[in-house]
Amino acid sequence: MMKMFLLVSFISLSFNSFGQTYISVAPSLTNTAGTIADKSNIAIEFGRQWDVFSMGLDIGKTTLSKVASMDTTNYLELRPSLNVFQQGKFTNTLTIGLGYVFNAKENLLTELTYGIEYAYTPKTHFNVFFGQYFYSGKVSSSNATFLGVSAMFYLKPNGGGALIKPKK
């Protein structure tokens, strides 16, 4: 019981003391077959960034079209990200994700994403990203390549950081 209390206290302290909270809105298009609505998806991410590392909880839809079957398009995903390289206001990002698509035959969602983030202001960043979603179920699996743009809003100014920064 004491270990659980210490773990919860540490997590609470780190979320309240260190890092910056952000909210991100990210529309994107996949290379799947269908109409523009079939190819479109949207996500909202809430998270924290600590220097070069961030952890977000992503809530979204895998498609904006109506789904006729019992499957849904709603998902929840945990998305750790790493700022790899920074040059001025531009940062190269790498994101992996693990999620769950509710009531879907292929309900396990994994993601690998690369992006170029631009710090428009210390509180507003824009990111052009691309990558792949991998869906897996008991009897089938599929994947989709995607391209999107996100707008990130930090509650406090974000100085950010990266693993590699060129010397000035």
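Not measured: the values here are computed from a predicted model. The figures that follow rest on heavy atoms only: side chains count, while hydrogens, waters and symmetry mates do not.
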[X] to [Y] - nearest heavy-atom pair and separation:
{"X": "Tyr22", "Y": "Arg48", "result": "CE2-N, 3.5 Å"}
{"X": "Gly97", "Y": "Glu77", "result": "CA-OE2, 3.2 Å"}
{"X": "Ser28", "Y": "Gly148", "result": "CB-CA, 3.7 Å"}
{"X": "Gln20", "Y": "Pro157", "result": "OE1-O, 3.4 Å"}

(Q) Quick test of your reading: applying ring-ring contact (aromatic ring centres under 6.0 Å, His included), list the pairs with at least one residue in residues 24-45, sequence neighbours left out, ordered by first then second residue. (A) none
Q | All pairs passing salt bridge (Lys or Arg N to Asp or Glu O under 4.0 Å) where residues 118-127 contributes a residue, at least two apart | A | none
Q. For residues 33-45, which residue pairs qualify under salt bridge (Lys or Arg N to Asp or Glu O under 4.0 Å), counting only residues two or more places apart or in two chains?
A. Glu45-Arg79
**Q.** Reference residue Pro80; test side-chain contact (heavy atoms from CB on, under 4.5 Å); the match among Ile96, Leu98, Leu94
**A.** Ile96
Tell me whether [Y] is reachable from [X] by hopping between hydrophobic residues (I, L, V, M, F, W, Y) whose side-chain heavy atoms are closer than 4.5 Å.
{"X": "Leu29", "Y": "Leu147", "result": "no"}
{"X": "Leu76", "Y": "Ile44", "result": "yes"}
{"X": "Phe53", "Y": "Met152", "result": "no"}

Q) side-chain contact (heavy atoms from CB on, under 4.5 Å) with Asn92: which residues, sequence neighbours excluded? A) Val84, Phe85, Ile116
Q) Under the side-chain contact (heavy atoms from CB on, under 4.5 Å) test, which residues partner Thr91, sequence neighbours left out? A) Asn83, Gln86, Thr93, Glu117
Q. Mind checking what makes side-chain hydrogen bond (donor to acceptor under 3.5 Å, both in side chains) contact with Ser81, not counting sequence neighbours?
A. Thr95
Q | Set of residues satisfying side-chain hydrogen bond (donor to acceptor under 3.5 Å, both in side chains) with respect to Thr113, sequence neighbours excluded | A | Glu111
**Q.** Selection residues 53-64 - residue pairs positive for side chain to side chain donor-acceptor pair (under 3.5 Å), sequence neighbours left out
**A.** Asp58-Tyr75, Lys61-Thr73, Lys61-Asn74, Thr63-Ser65
Scan the side chains in residues 128-145 for donor-acceptor partners under 3.5 Å anywhere in the protein, sequence neighbours excluded, and list what turns up.
{"residue": "Ser140", "atom": "OG", "partner": "Glu106", "partner atom": "OE2", "Å": "2.8"}
{"residue": "Ser142", "atom": "OG", "partner": "Glu106", "partner atom": "OE1", "Å": "2.6"}

Q: Go through the structure and list residues passing ring-ring contact (aromatic ring centres under 6.0 Å, His included) with Phe46, not counting sequence neighbours.
A: none
Q) Under the ring-ring contact (aromatic ring centres under 6.0 Å, His included) test, which residues partner Phe126, sequence neighbours left out? A) Tyr120
Q | Leu82 CG to Asp51 CG distance, which is reported to the nearest 0.5 Å | A | 10.0 Å
Q) OH of Tyr100 to CG of Leu109: how many Å apart, nearest 0.5 Å? A) 12.0 Å
Q: Give me the other members of the hydrophobic cluster that Ile36 sits in, counting Ile, Leu, Val, Met, Phe, Trp and Tyr linked by side-chain heavy atoms under 4.5 Å, directly or via other members.
A: none
